[in-house]
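Just below is one structure, and these are the notes that go with it.
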Amino acid sequence: MKPGLFLFAAGMAFAQSSAPEPQEAHEGPAAFEAEFVASDIFRSATYLQPVWRSLKFEGQYFGGTETDVGFTGASWTFAVHDLKLSPAFGVLFGSNRFATSPAISFRWEYEHAWLVTQGLVVQGFRETPVFREEEQEPASFVLPTISDGNHLSARWRRLTVGGTWEHIHFREGDEWKGGGRLALRLFSGVSAILYVLGPGQAEWRGGILIHPSKGD
């Protein structure tokens with residue numbers, strides 16, 4: 001049995017158990033968020049650290065088979081009822097002669113009753129070269145855009161299931177992917193995550209999410 005199918009089956013069984021009482025998110029430096037997800041061809045990681053009031057430090061990592069890209073900056077969260085919008089300004093950098101650039105990011109989060117949606121967009125301001133295999137001169141230049149971890153989901157007890165999409169444009173090609181996302185709350189503040197993405201051959205990604213609230 002594939003690991004993804006096993007996790008889905010285990011998640012359905014575990015989700016039917018009684019979930020612990022939800023707790024309110026705590027503000028302050030201890031209320032950090034972290035996520036790491038990986039497959040055999042792609043890796044991503046996120047770290048959000050509260051600094052002061054609605055100010056947060058943000059760190060993002062996106063890794064492929066040839067190029068690794070990072071974003072670091074500071075964000076401010078605007079909250080309107082159940083909707084949170086977090087614009088950020090920082091620096092985009094990477095390997096394989098990736099051009100370091102000022103960049104902005106935009107994160108959204110909405111949670112009401114059973115409905116949950118989250119997403120991230122990072123936009124660089126400087127073109128970066130794209131190299132083909134075993135070539136020293138760039139084949140083209142692109143303005144890097146990364147949109148990762150986006151989902152629209154429904155929550156049932158410990159389980160959150162829905163659709164996901166992403167847009168990766170810092171290497172050759174303009175990649176759009178979509179598929180399904182499952183998050184299983186193991187215990188308060190920790191969830192396991194599974195993605196399956198297409199088109200083409202299914203790409204399975206698994207990982208862990210650490211969060212200060214009940215949100216997945």
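Below, each value reflects all heavy atoms present in this structure, side chains not excepted, and no hydrogens, waters or symmetry copies.
- Here CZ of Arg158 is found 10.5 Å from CZ of Phe187. Values are rounded to the nearest 0.5 Å.
- Atom OG of Ser191 sits about 10.0 Å away from atom CD1 of Ile210, to the nearest 0.5 Å.
- A donor-acceptor pair under 3.5 Å is absent between the side-chain atoms of Ser86 and the main chain of Ser75, judged by distance alone.
- Atom-to-atom distance recorded for Phe42:CZ and Ile168:CD1 is 4.0 Å, nearest 0.5 angstrom.
- When hydrophobic clusters are built by joining Ile, Leu, Val, Met, Phe, Trp and Tyr residues whose side-chain heavy atoms come closer than 4.5 Å, directly or via intermediates, Phe106 is not grouped with Val80.
- For the pair Leu115/Leu152, a side-chain contact is recorded, criterion being any heavy-atom separation below 4.5 Å from C-beta on.
- From Glu35, atom CD reaches atom CG of Leu209 across 5.0 Å, with rounding to the nearest 0.5 Å.
- Looking at Asp68 and Phe98, their side chains never come closer than 4.5 Å, going by heavy atoms from C-beta outward.
- In this structure the side chain of Glu111 reaches within 4.5 angstrom of the side chain of Val116, judged on heavy atoms.
- The nearest pair of heavy atoms linking Glu127 to Leu143 is N-CD1, 3.7 Å.
- Closest approach of Pro129 and Pro138 over heavy atoms only: CB-CB, 3.6 Å.
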Checklist entry - Does the side-chain contact (heavy atoms from CB on, under 4.5 Å) test come out yes or no for Val161 and His151, once each step is laid out? => result CA-CA 9 Å; Val161 181; His151 72 95; over 6 Å; no
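- Closest approach of Gly63 to Tyr61, counting heavy atoms only: CA-OH, 3.5 Å.
- Placement of Leu48 and Leu120 in two distinct hydrophobic clusters is found when ILVMFWY residues are connected by side-chain heavy-atom separations under 4.5 Å, directly or transitively.
- One N or O on the side chain of Ser101 and one on the backbone of Phe125 form a donor-acceptor pair closer than 3.5 Å.
- Val69 and Phe89 are not part of a single hydrophobic cluster, where members link through side-chain heavy atoms under 4.5 Å apart.
- Partner of His167 under the side chain to side chain donor-acceptor pair (under 3.5 Å) criterion, chosen from Asn150, Asp174, Asp148, Thr145: Asp174.
- When every heavy atom of Arg43 is checked against every heavy atom of Ala38, the shortest pair comes out as CG-CB, 4.0 Å.
- Note that CD of Glu109 and CG of Leu83 are 9.0 Å apart. Values are rounded to the nearest 0.5 Å.
- In this structure, Phe36 is not a member of the same hydrophobic cluster as Val190, with clusters built from ILVMFWY side-chain heavy atoms closer than 4.5 Å.
- To the nearest 0.5 Å, atom CH2 of residue Trp176 and atom CD of residue Glu166 are 10.0 Å apart.
- Each of Thr46, Leu92, Ile146, Val91 was checked for a side chain to side chain contact (heavy atoms under 4.5 Å, CB included) with Phe71, and the lone residue meeting it is Leu92.
- Annotation for Phe170 and Val130: closest pair O-CG2, 4.5 Å, computed over non-hydrogen atoms.
- Ion pairing of Glu203 with Arg205 is present here, as a side-chain N (NZ or NE/NH1/NH2) and a carboxylate O approach within less than 4.0 Å.
- Under a hydrophobic-cluster definition in which Ile, Leu, Val, Met, Phe, Trp and Tyr are linked whenever side-chain heavy atoms come within less than 4.5 Å, directly or via other members, Tyr47 and Leu55 are assigned to the same cluster.
- Pairing each heavy atom of Thr128 with each of Pro144, the nearest pair is CG2-CD, 4.2 Å.
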Item to check | side-chain contact (heavy atoms from CB on, under 4.5 Å) between Gln60 and Arg107, worked out | outcome: CA-CA 12 Å; Gln60 309 285 340; Arg107 183 186 304 277; 2.5 Å; yes
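- No side-chain donor-acceptor contact under 3.5 Å links Arg181 to the backbone of Ile193.
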